Amino acid sequence: MVSMLDPKIRMQQLIAQIEQANFDYYIQDNPKLSDAAYDELMKALLALEHRYPEWISANSPSKRIGGDVASGFKAVAHHRPMQSLDNAFSEDDLQNFVTRCADKLGHGFDMICEPKLDGLAVSLTYQHGQLTQALTRGDGSMGEDITQNVKTIRSIPLALRGSTPAWLVVRGEVFIQKNDFEKLNNKLKQQGEKTFANPRNAAAGSLRQHDSRITSKRPLSFYAYWCDAPSEHMNTKLSDNMKQLKRWGIPVNQLITHGQQVTDVMKFIDQLQRKRQHLSYEIDGAVIKVDDLKSHDTLGTTSKAPRWAIAYKFPAETAHATLLSVEVQVGRLGTVTPVAMIEPTFVGGVTIQYITLHNYSEINRKGLSLGDEVAIRRAGDVIPEIVSVIKKHPEASTQAHAIIPPRVCPSCATTLKQSGDFILYCPAGERCPAQLVGQIQHFASRKAMNIDGLGIRIIELLVNRNMLGNVTDLYRLSSEQLVGLPRLGVKSANNLLMAIEQSKQRSWPRVLYALGIKEVGMATANTLASAYPSWQQLSEASEDNLMALNDVGPSIAASVRTFFSDTNNQLRLQQLNDFGVTMTMAVIKSDQSNPLKGLKIVLTGKFTTSRDQITQRLINLGATLSGSVSAKTDLVIFGDAAGSKLKKAQSLGIKCLPSSDLDQWVAQLST
Ligand code: IVH
């Protein structure tokens, strides 16, 4: 009888039954338990875990429900860089890929073809059969630790089946099925929450939740597409490794097919394109890979992608829509952009209503009139565009259907000026409310002054009420002025004032970027600030001197000069200074300033440079050094004659880097 059993054994039995049910359902596609029976097992396990918390296993299926709330995701180094794929858009591109591989290998080769899922790449680590870590791609070298969230995905086994290797790294795509996406959005809508634009965003947004209980309620799926383990557990072909993954209980796409010639691959792609709309998940192409794993080593990788694989991207999806009207937007630098409004149309995975037309010569070039039926196109994350007119409106040539460029600024009524290729702009600068709103929005943005809580709605409100006439006015705002404005209670007003106060600590490069000078992005701001460590120095620099800097050409130099020759701008900087904005040249706090932050590193063996020097350098980059290897170690850097520490790290699946590769690795992280 169940109740007579030792509760610990009963818990293990329940876990085994639940895992078997998951395997039958997700891997074998052959459910053997009813939902109710499954729920009963889960309930029984939860009850026992509640009673005997000391026996809860780290990988109990109860982890599927989530529970841990993370304040941020820890950055962790990948076992091997997590790369992207090169793209092919035609049969010729594929032929080039095959020829390149064959030339390098010196012989023909088998390929595998599979759907390219439109989701989010993750890397899973299993140690001795237990799921111990899940990382996002991040920047390719370091990923974000989303282990607790990934453990809630039902189709990802928490423990592998059968005989398991000491370590296994599995890479694949987390995605959301089309019907699950519809259901999720309906539920969010009912709850009055923001819905997702497409399944990809839904998958990414769900995985990056700080509260894993929320992720556990999101219907996420997973397919593996690559793995690595100690060689005795791996096969010579990628396709056999995929079969092995299935045996361990990890889901793999069933549509994987073999091919030898480009014609085979094209046949697969044609069939896949025809199947596309009937598949239960979104795909945006096919991935073609060399099957033989030794050939992967021979072919190697570029800095961005492996040379043994290529993504064939389906052509951008197009749709037809009627052009209803053209609205006019004024950007922070005064540029006037016509924006087409169409009836909401679903294309490339999202519903589109507005499409930028860039400038009025594009409207002329495309011959657009109001009421025309137009072809629109959108692929992946690409900005949607109007491709061409499909059918002119019968009265297209009448005045009522003409798209007439405005003469005056829609925001401040100043007469517009024209430059270059029919590009209109409003010369009013910060006196134009639309430009002012844009400037303040840029000033407050994350990479600039990072003023939390200062969103577009509040900025518009403050500008409309004449409380902000330029960016420096932010530092004049008081609690009395803010409290009582729509959406601003005492607490949020004070939080906003605190965020504004904190922004005074931003470094000089960030302030320079925040000023929004034309053509001065973050990288240029860093270059300029390093050469001219104060605003007074930069304001006096000549165009010639500016052009002597790396990556500063005539047009950036002219733009910087124009900015500083305006006495108003000099005054603003003086005012920022007087308000206590420090503008120090300290460390540039970009996201890359501490590329090794949070990494636990162990050094082992003999090094050509002094160990102290290496240690100091790693600490400066944000790493923590430790003397011994444990499961918590992120990276081992080894020199000559490395012994037991290196062996231990390898057996734990920890990334091991020869010291000779250190420079290159750090450079890769910092770019
Ligand atoms: S193979 C080292 N196979 O597409 C392995 N990638 O645009 C390289 N993707 O980064 C990836 N489906 O996140 C591979 N069947 C598939 C895929 C796939 C989707 C993603 C993956 C990759 C991105 C590149």
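No experiment lies behind these values; they were computed from the predicted model shown. When a ligand or atom number is given, it counts from 1 through the structure's own listing order.
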(request) Report the nearest protein non-hydrogen atom to atom 3 (N) of ligand 1: residue, atom name, distance rounded to 0.1 Å. (result) Lys289 NZ, 3.0 Å
(request) May I ask you to check whether Tyr223 and Phe175 place their ring centres under 6.0 Å from each other? (result) yes
(message) Assess the residue pair Asp292 and Lys294 against the criterion (salt bridge (charged side-chain N to carboxylate O under 4.0 Å, His left out)); give the C-alpha distance rounded to whole Å, side-chain angles, the decisive distance to 0.1 Å, and a yes or no.
(response) CA-CA 6 Å; Asp292 177 56; Lys294 263 218 188 87; over 6 Å; no
(request) Please work out whether any backbone atom (N, CA, C, O) or any side-chain heavy atom from C-beta onward of Pro115 is under 4.0 Å from ligand 1, and answer side chain, backbone, both or neither. (result) backbone
(message) Quick test: of every protein heavy atom, which one is nearest to atom 22 (C) of ligand 1, and how far off is it to 0.1 Å?
(response) Arg137 NH2, 3.9 Å
(request) Looking only at non-hydrogen atoms, find the nearest pair between Gly639 and Ser659 and report the distance. (result) CA-OG, 4.0 Å
(message) Less than 4.0 angstrom from a charged side-chain N to a carboxylate O is my criterion; do Glu114 and Lys289 meet it?
(response) yes
(request) Looking only at protein heavy atoms, identify the closest one to atom 21 (C) of ligand 1 and say how far it is in Å. (result) Tyr225 OH, 3.1 Å
(request) Starting at CD of Gln244, measure out to CG of Leu168 and round the result to the nearest 0.5 Å. (result) 9.0 Å
(request) Answer yes or no: is there an ion pair linking Asp284 with Lys116, defined by an N-O contact shorter than 4.0 Å? (result) yes
(request) Quick one: do Arg208 and Glu144 satisfy salt bridge (charged side-chain N to carboxylate O under 4.0 Å, His left out)? Show the steps, please. (result) CA-CA 9 Å; Arg208 300 197 77 263; Glu144 287 176 310; 2.7 Å; yes
(request) Select one of side chain, backbone, both or neither to describe which atoms of Val287 lie under 4.0 Å from any atom of ligand 1, heavy atoms only. (result) side chain
(message) Considering non-hydrogen atoms of the protein only, which is the closest contact for atom 4 (O) of ligand 1, and what is the distance?
(response) Lys116 NZ, 3.2 Å
(message) Does any N or O of ligand 1 fall below 3.5 Å from an N or O anywhere on Leu117, backbone included?
(response) yes
(request) Please indicate whether any nitrogen or oxygen in Trp308 is less than 3.5 Å from any nitrogen or oxygen in ligand 1. (result) no
(request) Report the nearest protein non-hydrogen atom to atom 9 (N) of ligand 1: residue, atom name, distance rounded to 0.1 Å. (result) Glu173 OE1, 3.6 Å
(request) State yes or no: are the ring centers of Trp167 and His79 separated by less than 6.0 Å? (result) yes
(message) Using a 6.0 Å cut-off, check whether atom CZ of Phe23 has over 12 heavy atoms from anything other than its own residue.
(response) yes
(request) Just jot down the ligand 1 atoms closer than 4.0 angstrom to any heavy atom of Gln83, in number order. (result) 10 (O)
(message) Tell me the protein heavy atom at minimum distance from atom 8 (C) of ligand 1, and give that distance in Å.
(response) Leu85 CD2, 3.8 Å
(request) May I ask you to identify, for Arg171, whether its side chain, its backbone, both or neither come under 4.0 Å of ligand 1 on a heavy-atom basis? (result) neither
(request) Tell me which protein heavy atom sits closest to atom 15 (N) of ligand 1, plus the residue, atom name and distance to 0.1 Å. (result) Glu114 OE1, 2.7 Å
